[in-house]
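Everything on this sheet refers to the single structure shown next.
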Amino acid sequence: MWNGFLMTIKLSVVSLIFSVIIGIIGAWLQNSPLKWTRRIVGGYIQIFRNTPPLVQLYFFYFAIGSLLPKVANEYGGEVPMLGGFAWAAISLSFFAGAFNVEIFRSGMEAVPDSTVEAAEALGFSRFQIYKDITLPLAFRVILPALNNNLVNLVKTTTLAYAIAVPEMLYEANQIWSDNVNVTEMMIFLLLAYFLLVGVLVWAMHRWERAMKIPGYG
């Protein structure tokens, strides 16, 4: 069960990091002067926001995974190029990333136009404005919404059970199948996720207070 707890933390951290990166890049691309770039980002958001995350996980694992070449293992057999953990991290990152793109976009729209115009007047490039001005200000605005999405992402990691990733729910199922201690395992799962999410919420609230600009917003 301890190994399952560590696997859940690992999957959560990897998915959190990459979903935030996807959100930052996607929000930048949404303001691209290229029409097809904006359409591709918009299509990605609609697909991943409007379909169940379990269906997405199965699509990555079974549909895309079956198209990739297999590699030899140490026993001379063949195994998939990417295992269950990799596909779970990819699927969850893209799922949460679609929501993060919209969260970052809403934060960027909250930045006053006069601030952006002042940066343009000083000769800042479009990327410099986003990196040094728009994104830092938007980050302070979107932290509460981002916090909610990341909390949901941590709870959604239980879906990795469906493709046999040995996270907490999977390990608990294996244990209660052998020991018939369903009640104890359910209590442990409830408390473990309460602890994980509680730590994340506490850290995000501390971060939010630390980044708050007095008088801004």
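Since the model is a prediction, treat every value here as computed from it, not as a measurement.
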Which residues end up grouped with [X] if you chain together Ile, Leu, Val, Met, Phe, Trp and Tyr wherever their side-chain heavy atoms are less than 4.5 Å apart?
X    : answer
V199 : L195
L191 : I187
I40  : none

Contacts of E171 meeting salt bridge (Lys or Arg N to Asp or Glu O under 4.0 Å) (sequence neighbours excluded), chain-then-number -> none

Partner set under salt bridge (Lys or Arg N to Asp or Glu O under 4.0 Å) for E117, not counting sequence neighbours: none

With clusters defined by side-chain heavy atoms of hydrophobic residues (ILVMFWY) lying less than 4.5 Å apart, directly or transitively, does L146 cluster with V201? yes

Joint hydrophobic cluster, V41 plus I24, side-chain heavy atoms closer than 4.5 Å: yes

Look at the rings of Y44 and F48 and say which category their plane angle falls in: under 30° parallel, 30 to 60° tilted, over 60° perpendicular. tilted

CG of N3 to CD of E167, rounded to nearest 0.5 Å, is 12.5 Å

Does the ring centre of F127 sit less than 6.0 Å away from the ring centre of W28? yes

Aromatic contact, W207 with F139 (centres under 6.0 Å): yes

Could you check if a side-chain atom of [X] sits within less than 4.5 angstrom of a side-chain atom of [Y], using non-hydrogen atoms only?
X    : Y    : value
E208 : R140 : no
L153 : F99  : no
Y170 : T158 : no
F124 : L122 : yes

Using the six-membered ring of Y193, assess whether NZ or CZ of K155 lies under 6.0 Å from its centre and within 45 degrees of the ring axis. no

Return the minimal non-hydrogen interatomic distance between [X] and [Y], and the atom names on each side.
X    : Y    : result
I22  : V101 : O-CG2, 3.7 Å
G107 : I142 : CA-CG2, 3.3 Å
T8   : M168 : OG1-N, 3.1 Å
M108 : A27  : SD-CB, 3.8 Å
A96  : N149 : O-ND2, 3.2 Å

I'd like a table of donor-acceptor pairs (distance under 3.5 Å, sequence neighbours excluded) in which one partner is a side-chain atom from residues 13-21, with atom names and distances.
from, atom 1, to, atom 2, distance (Å)
S15, OG, L11, O, 2.8
S19, OG, S15, O, 3.0
S19, OG, L16, O, 2.9
S19, OG, N100, ND2, 3.4

